[in-house]
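For the numbers below, each heavy atom of this structure counts, side chains included, while hydrogens, waters and symmetry mates do not. Owing to the predicted nature of the structure, the values given are computational and were not obtained by experimental measurement.
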Amino acid sequence: TYPFAPTRHWADAAPKQPSDSLDAFDADPAGPRFRRLFRAADPLVADHRIRGQLVVPGAVYLELLLAAARRWRPESRAVGLRGVLFLHPF
């Protein structure tokens, strides 16, 4: 809660996590390829708009990258990111 809005609001169910949402994995000799299709009603993007355009939040890109790394190398115990910088916000 916030001091200016003490009312609590709880979601009915946990939103689907990006790590559960990789639609496709292609084991290509040039390197793995992952795909995730977003629809306008998808809770990860539904309320994220810039100048009226749906935009995937940067945090979702990072979570999908980590999910892809975990799926590509499931034997790896430690997967992480450091020094992430978004050069163009949109």
S.K.: Minimum heavy-atom separation for V56 to Y61, with atom names?
M.R.: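 What the structure gives for the nearest pair is O-CE1, 3.6 Å.
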
S.K.: With rounding to the nearest 0.5 Å, note down the distance linking CZ in R71 to CG in L66.
M.R.: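 Rounded to the nearest 0.5 Å, the CZ-CG separation comes to 13.5 Å.
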
S.K.: Checking R36 against F38: charged group under 6.0 Å from the ring centre and within 45 degrees of the axis?
M.R.: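 Verdict for F38: a cation-pi partner in R36.
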
S.K.: Determine, step by step, whether V60 and V45 satisfy the side chain to side chain contact (heavy atoms under 4.5 Å, CB included) criterion, reporting the C-alpha distance in whole Å, the side-chain angles of both residues, the deciding distance to 0.1 Å, and the verdict.
M.R.: CA-CA 9 Å; V60 172; V45 296; 5.9 Å; no

S.K.: Same cluster or not: are L54 and F86 linked, directly or through other Ile, Leu, Val, Met, Phe, Trp or Tyr residues, by side-chain heavy atoms under 4.5 angstrom apart?
M.R.: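 No, no single cluster joins them.
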
